Amino acid sequence: MSISISPVTDTTNVDPAELAKFSDLAHRWWDTESEFRPLHQINPLRLDWINNIAPLAGQRVLDIGCGGGILTDAMARKGAHALGIDLATKSLKVAQLHALEAQTPRVQYREISAEALAAEQPGNFDVVTCMEMLEHVPDPASIVRACSALVKPGGWVFFSTVNRSPKAFAFAILGAEYILNLLPRGTHEYAKFIRPSELAGWARHADLDLQHTRGLSYNPITRHYAMGSDTSVNYLLATQKAFV
Ligand code: SAH
């Protein structure tokens, strides 16, 4: 007997406990003072960075692990035709409802894995974003390969995640979850954090050339984030699909 896995229903690269964490909070995605405050705060910074490198107007953009659509929505408002995908049903419903209420143009949401969409629509996107998601999946390299398959040659793939460094443990887990209560306890697991060199390696193996690296740092006194060169906690990579 042979078992075949349909690409559309193949959701093996997912941790149900991770999805449940986000589903439980789904009703608060658009509350800027909620657990999602950090994502709302960093959103204009990452949006500008992406839009400067790959101007979004008129582009086909895919946002993988979109959650409630904080970035997807903002990219659509910059003029992109944006599709957000996630595997948490509740979050997608919240994203859709927000788009309806806020009358966001050119935005769509779908419950499908990155790997399944890659099988369905290879090379179909000008820009792919995958933000704050890789540290929540069992096999992040598989997501990186799917991103590469989804973007057209010369197109851009943007990643952001948390570094696996002592400073990230101190800031992203102890600081954010235990001292400042910015995030619920258990949001992040240290072993799942990813060093920039590891992510760059997976990207390179998937024909994604690393072009830019930025860090995001949080100032607990001013309660503000800034983008800079310090990649020791949160960081972003901009990669470009090779013409192979
Ligand atoms: N990218 C969004 C949300 C980050 S939170 C932003 O930066 O604003 C992490 C998201 O990843 C959650 O919405 C969670 O449901 C989603 N996620 C976790 N595992 C996933 C998987 N295997 N496939 C798709 N989405 C996943």
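Atoms considered below: every heavy atom in the structure, side chains included; atoms not considered: hydrogens, waters and symmetry mates. Note that this is a predicted model, so its numbers are computed, not measured. Whatever order the structure lists ligands and atoms in, that order sets their numbers, starting from 1.
- For the pairing with Asp126, the side-chain hydrogen bond (donor to acceptor under 3.5 Å, both in side chains) check across Arg60, Lys152, His81 returns one residue only, Lys152.
- Close contacts between ligand 1 and Gly67 involve ligand atoms 13 (O) [criterion: under 4.0 Å to a heavy atom].
- Scanning all protein heavy atoms for the shortest distance to atom 9 (C) of ligand 1 gives Glu132 O, 3.4 Å.
- Remark: the backbone N or O of Ser34 is not paired with any side-chain donor or acceptor of Arg28 at under 3.5 angstrom.
- More than 12 heavy atoms of other residues, nucleotides or ligands shown are found within 6.0 angstrom of NZ on Lys21.
- Residue contacts with ligand 1, taken as heavy atom pairs separated by less than 4.0 Å, involve Leu19 solely via side-chain atoms from C-beta onward.
- The contact set between ligand 1 and Val137, taken as ligand atoms under 4.0 Å from a residue heavy atom, comprises 19 (N), 20 (C), 21 (C), 22 (N).
- Below 30°, between 30° and 60°, or above 60°: for Phe193 and Tyr190 the angle between ring planes is above 60°, a perpendicular geometry.
- Selection from Thr129, Leu39, Leu71, Asp86 by nearest heavy atom to atom 15 (O) of ligand 1 gives Asp86.
- Considering only non-hydrogen protein atoms, atom 22 (N) of ligand 1 sits nearest to Asn13 O, 3.1 Å.
- Every N/O-N/O distance between Asp63 and ligand 1 stays at or above 3.5 Å.
- Inclusion of Trp29 in the set of residues having an N or O under 3.5 Å from an N or O of ligand 1 is not warranted.
- Expressed to the nearest 0.5 Å, how far CG of Leu210 lies from CZ of Arg204 amounts to 8.5 Å.
- Taking every heavy atom of Leu87 and a limit of under 4.0 angstrom, the matching atoms of ligand 1 come to 21 (C), 22 (N), 23 (N), 24 (C), 25 (N).
- Side-chain atoms of Glu111 and Thr89 form a donor-acceptor pair, as typed in the model, at a separation below 3.5 Å.
- Note on ring orientation: taking the six-membered ring where Trp is involved, the planes of Phe36 and Trp29 are parallel (angle under 30°, cut-offs 30° and 60°).
- Among protein heavy atoms, the minimum distance from atom 6 (C) of ligand 1 is reached at Arg46 NH2, 3.4 Å.
- The nearest pair of heavy atoms linking Asn163 to Thr231 is ND2-O, 3.1 Å.
- The option with the heavy atom closest to atom 4 (C) of ligand 1, from among Met131, Lys90, Met133, is Met131.
- Taken to the nearest 0.5 Å, the CG atom of Leu19 stands 6.0 Å off from the CG atom of Leu87.
- Taking every heavy atom of Val14 and a limit of under 4.0 angstrom, the matching atoms of ligand 1 come to 22 (N).
- For atom 10 (C) of ligand 1, the candidate residues are Gly65, Ser142, Ser91, Ala26; the nearest heavy-atom contact is made by Gly65.
- At a 4.0 Å heavy-atom cut-off, ligand 1 touches Cys66 through the backbone alone.
- Relative orientation of the Trp30 and His40 rings is perpendicular, given thresholds of 30° and 60° on the angle between their planes.
- Near Ala88, meaning under 4.0 Å from any of its heavy atoms, are these atoms of ligand 1: 15 (O).
- Considering backbone and side-chain atoms together, Phe22 places no N or O closer than 3.5 Å to any N or O of ligand 1.
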